[in-house]
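Presented below is the structure to which this report refers.
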Amino acid sequence: MNKIKISPSILSADFSQLGNEIKKLEQAGADLIHVDVMDGHFVPNLTIGPTVIKALRHYSTLPFDVHLMISPVHKYIKDYADAGANIITVHPEATENILNSINHIRVFNKKVGVSLNPDTKLDVIIDYLDQIDLVLIMSVFPGFGGQKFMPEVIEKINELSKIKKEKNYNFDIEVDG
Ligand code: ZN
């Protein structure tokens, strides 16, 4: 079994102290920093964009695991790559062509993440799993902090982990929510 990594979301942090909060997460032993980017359109809430991520970059050497909940996402990938994201995660629900977006993230030498909403089936990414570094399974509907874990998604996680083993794929499985 692979090591379990912890990627705390800065969504729960004190936004007036983000830099220090990230430092604290690093000191507390986090493996990655999960940054939830929301646009008020793909999801109802609005959070932070590339300018803030760039400013935060100096506060930690941990990889920034940037979860883009924005639509259309494709044209903004470059901005997040430039801002210092290490993993860029996109939703197939938010792009016209998920394969194009996967390839676009690679152009910037970033790790490719794909996130699936609770009601999105694995089928939409099944043909591309060999090109993905991280599958982020939403166990809540994206857009709000503090929701309850949806136990139905455990089946999806099990199926994904089975495919990973069978085909010997390398992606990490991350659960959000
Ligand atoms: Zn997230």
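Keep in mind that the numbers below use all heavy atoms, side chains included, and drop hydrogens, waters and symmetry copies. Order of appearance sets the numbers: ligands from 1, and atoms from 1 within every ligand.
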ask   = Are Leu25 and Ser60 side-chain neighbours, meaning at least one heavy-atom pair lies under 4.5 Å?
value = no

ask   = Closest approach of Tyr80 and Ile48, non-hydrogen atoms and distance?
value = OH-O, 4.3 Å

Atoms of type N/O/S from protein, distance to the Zn ion (ligand 1) below 2.8 Å = 4

query = Under 4.5 Å between side-chain heavy atoms, hopping through other hydrophobics if needed: is there a path connecting Leu62 to Leu136?
reply = no

Tyr59 atom OH, neighbour heavy-atom count above 12 within 6.0 Å = no

Between side-chain atoms of residues 148-162 and protein atoms elsewhere (two or more places apart, or another chain), which donor-acceptor pairs fall under 3.5 Å?
unit_1 : atom_1 : unit_2 : atom_2 : d
Lys156 : NZ     : Asn117 : O      : 3.0
Lys156 : NZ     : Pro118 : O      : 3.4
Lys156 : NZ     : Thr120 : O      : 2.6

key: No-hydrogen, no-angle side-chain donor-acceptor test under 3.5 Å, Asp176 and His67   = yes

